[in-house]
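Data first, discussion second: the structure below is written as structure tokens.
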Amino acid sequence: MANFSKSNVPQFSVEVYQNAYLPEGGREVNAIVTVTSTGGGTTGGVPLPGTAPGVADAPGRSAGAAVVLMVDCSGSMDYPPTKMRNARDATAAAIETLRDGTQFAVVAGTHVAKDVYPGNGRLATADAQTKAQAKEALRRLSAGGGTAIGTWLRLADRLLGAAEVDIRHGIVLTDGRNEHEAPEDLRAALESCAGRFTCDARGVGTDWEVKEVTGIASALLGTADIVADPAGLAADFTRMMENAMGKEVADVALRLWTPVGVEILFVKQVAPTVADLTGRRTEAGPRAGDYPTGSWGDESRDYHVCVRVPQAGIGQEMLAARVSLILPPASDGTPAQTLSQGLVRAVWTDDMVASTSINPQVAHYTGQAELAQVIQQGLEARKSGDFDGATAKLGRAVQLASASGNADTAKLLSKVVDVVDAATGTVRLKARVAEADEMTLETRSTKTVRVKK
């Protein structure tokens, strides 16, 4: 493990967990990379001796933040009428949670997007007066029109792009399907916004499309969740904004350098949620590529790196990959910084015990990734009428959740299947399942638990 710290960023550390030993002819190397950020975000950084305190004091590394809240104001938000009221109250609670000095705007989303506060393509700066004005603007919101989320995101991008800050974040609330623009329009908007700001997405009620909401969060490196009861929106929005206000470093990249002859099979985030980053690589020099991780506060995340190395003889050893955390160059010319790094090794041995043992972290997260996959496959099979397939997949999910101690997912599964034997994955599909329970399981299927150490 290597660790680098500067006064203008929290401290990042990288730990690599793997079984480096391969049998003769073995080529696949798996490693879990744990990245931890401390001393920034929610607790505030501790500067190095002789350096100026605080992230904001470093040239080109402003700790400032800008947030755009996108509120669904389509006609369906009036059914029942309490839904729109709860959305207004939740947005007001989130605004109240904004740290003074944060730039922000409120967008009303229908089949078009309108910045209702402060308006005219501007951002307001959070203080007691602007928060009160924003809440007054919220009270004037009413429901009517369609849903075209891509237009909301593009307006948020324009507003956030005008802010000279490092942390740019959006929050999307929707209660319906994205019916008033083509799917490719939403995809194009997400591709345009990716890397420019992060975004959390929430579906309220049960009339929205899970894949749309989770797709927004995945593309923009945010969180997705269901708020089945609109009365729970205010608490959820407050937590989301508190988390956003805890971010201190944006655009951190996981850089993977590999020697000649090494092939990258995949790079995935595996905790706190499963997210495949393999296809999001951008080249970063000879044999190096960057994978986006978004914004960081005080937190820890796990990544699964899998590479294929050239064959080698017994007793040989090689560096299979070098993993680094990179803060990219700032717009003012401040150079990129290496925040931390770790090494992935490959050692060939004829010791069968050494070469066949699976690292506990690798085994755990391989199971967690499979858990997310079989839940989604099982629910899809259930919807299509393939009840035998659904039973098999969801039974395997129950088995994996039980074995890994993922109690939250096990509880959600128990609302969809009757568990006969969790250890063997023996289950029966429930004859009747509440739509909210099924959507909650699907939306939260990628949430994982940390490995037991």
Side-chain angles (χ1 to χ4, degrees), residues 67-80 83-84 86-88 90-91 94 105-116 141-160 168-230 233 236-237 240 273 275 280 376 379-380 383-384 435-436 438-446:
V67 181
V68 173
L69 298 110
M70 292 160 269
V71 186
D72 191 337
C73 293
S74 63
S76 57
M77 286 293 286
D78 242 352
Y79 300 97
K83 194 190 292 183
M84 191 71 218
N86 283 314
R88 288 193 295 260
T91 308
V106 179
V107 168
T110 59
H111 52 284
V112 294
K114 182 180 180 183
D115 50 329
V116 293
L141 292 183
S142 59
T147 305
I149 299 174
T151 65
W152 315 354
L153 294 168
R154 289 187 186 278
L155 176 54
D157 187 28
R158 290 195 296 274
L159 292 167
L160 292 168
R168 295 179 176 86
H169 189 69
I171 291 176
V172 167
L173 169 71
T174 183
D175 82 321
R177 293 172 176 82
N178 198 49
E179 295 175 332
H180 292 84
E181 66 180 355
E184 51 268 27
D185 291 336
L186 177 57
R187 282 196 298 271
L190 290 171
E191 289 172 5
S192 174
C193 297
R196 293 176 56 79
F197 65 94
T198 55
C199 188
D200 295 322
R202 293 295 183 268
V204 59
T206 57
D207 293 329
W208 47 278
E209 180 63 49
V210 171
K211 287 181 174 59
E212 287 176 355
V213 169
T214 56
I216 292 166
S218 175
L220 302 182
L221 301 174
T223 64
D225 208 349
I226 179 175
V227 185
D229 182 356
L233 276 174
D236 185 78
F237 265 46
M240 263 196 297
T273 58
R280 304 184 67 171
Q376 292 162 16
L379 291 176
E380 199 63 41
K383 289 175 190 173
S384 67
E435 191 172 15
E438 188 175 19
M439 292 178 70
T440 301
L441 175 60
E442 185 178 1
T443 305
R444 298 179 183 172
S445 62
T446 58

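Quick caveat, the model's predicted, so the values are computed rather than measured.
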Item to complete: Under the salt bridge (charged side-chain N to carboxylate O under 4.0 Å, His left out) rule, collect the residues that match up with R168, sequence neighbours excluded.
Response: none
Item to complete: Using atom types as modelled and distance alone, determine if a side-chain donor or acceptor of W152 lies under 3.5 Å from a backbone N or O of T110.
Response: yes
Worksheet item: So, the side chain of H180 versus the backbone of T147: is there a donor-acceptor pair under 3.5 Å, distance only?
Response: yes
Worksheet item: After noting the C-alpha distance and the side-chain angles of M77 and S142, does the key distance pass the side chain to side chain contact (heavy atoms under 4.5 Å, CB included) rule?
Response: CA-CA 9 Å; M77 286 293 286; S142 59; over 6 Å; no
Response to the item:
When every non-hydrogen atom of S74 is compared with those of G146, the smallest separation belongs to CB-O, 3.2 Å
Discussion item. Run the salt bridge (charged side-chain N to carboxylate O under 4.0 Å, His left out) test against E435 and tell me which residues pass, sequence neighbours left out.
Written reply: none
Response to the item:
Rounded to the nearest 0.5 Å, the CG atom of L69 sits from the CD1 atom of I171 at a distance of 5.0 Å
Practice prompt. Calculate, to the nearest 0.5 Å, the distance between atoms OG1 and CG belonging to T91 and L141 respectively.
Written response: 8.0 Å
Practice prompt. Quick one: pull up CG in L233 and CE in M240 and give me the separation to the nearest 0.5 Å.
Written response: 8.0 Å
Fill in: Donor-acceptor contact below 3.5 Å, side chain D200 vs main chain G222
no
Per-pair distances, 0.1 Å, donor-acceptor, side chain in residues 210-220, under 3.5 Å, sequence neighbours excluded:
{"unit_1": "K211", "atom_1": "NZ", "unit_2": "E380", "atom_2": "OE1", "d": "3.4"}
{"unit_1": "K211", "atom_1": "NZ", "unit_2": "E442", "atom_2": "OE2", "d": "3.2"}
{"unit_1": "E212", "atom_1": "OE1", "unit_2": "N178", "atom_2": "N", "d": "3.0"}
{"unit_1": "T214", "atom_1": "OG1", "unit_2": "V210", "atom_2": "O", "d": "2.9"}

Item to complete: Kindly determine whether D175 and K83 satisfy salt bridge (charged side-chain N to carboxylate O under 4.0 Å, His left out), including the steps that lead there.
Response: CA-CA 9 Å; D175 82 321; K83 194 190 292 183; 2.8 Å; yes
Practice prompt. Can you sort out the partners of D236 under side-chain hydrogen bond (donor to acceptor under 3.5 Å, both in side chains), two or more places apart, ordered by chain and number?
Written response: R202
Worksheet item: Does any non-hydrogen side-chain atom of V116 lie less than 4.5 Å from one of V107?
Response: no
Worksheet entry | side-chain contact (heavy atoms from CB on, under 4.5 Å) against A188, all qualifying residues, sequence neighbours excluded | R154
Worksheet item: What residues form a side-chain hydrogen bond (donor to acceptor under 3.5 Å, both in side chains) with T443, not counting sequence neighbours?
Response: none
Response to the item:
Nearest heavy-atom contact between A113 and T151 is CB-O, 3.5 Å
Worksheet item: Under a 4.5 Å cut-off applied to non-hydrogen side-chain atoms, are V68 and F197 in contact?
Response: no
Discussion item. Suppose we screen for side-chain contact (heavy atoms from CB on, under 4.5 Å). Which residues come up paired with A275, at least two apart in sequence or across chains?
Written reply: Q269
Response to the item:
To the nearest 0.5 Å, atom OH of Y79 lies from atom CG of D207 at 12.5 Å
Item to complete: Locate the shortest heavy-atom distance separating V172 from C199; write the atom from each residue and the value.
Response: CG2-SG, 3.7 Å
Fill in: Contacts of type side-chain hydrogen bond (donor to acceptor under 3.5 Å, both in side chains), residue T440, not counting sequence neighbours
none
Discussion item. With side chain to side chain donor-acceptor pair (under 3.5 Å) as the rule and sequence neighbours excluded, what pairs involving residues 182-198 come up?
Written reply: D157-R196, H169-T198
Response to the item:
T174 meets the side-chain hydrogen bond (donor to acceptor under 3.5 Å, both in side chains) criterion, sequence neighbours left out, with D72
Discussion item. Looking at every heavy atom in both A148 and E181, which two are closest together, and how far apart are they?
Written reply: C-OE2, 3.6 Å
Discussion item. Considering only residues two or more places apart or on different chains, which pairs with a residue in residues 216-228 satisfy salt bridge (charged side-chain N to carboxylate O under 4.0 Å, His left out)?
Written reply: D225-R444
Practice prompt. Name all residues meeting the salt bridge (charged side-chain N to carboxylate O under 4.0 Å, His left out) criterion together with R177; count only those two or more places apart in sequence or in a different chain, and write none if there are none.
Written response: E209
Discussion item. So, applying side-chain contact (heavy atoms from CB on, under 4.5 Å) with F237, which one of L173, V227, N86 is it?
Written reply: L173
Worksheet item: For the residue pair H111 and G145, what are the closest heavy atoms and their distance?
Response: ND1-CA, 3.8 Å
Worksheet item: L159 and A105: which non-hydrogen atoms are nearest, and at how many Å?
Response: CD1-CB, 4.1 Å
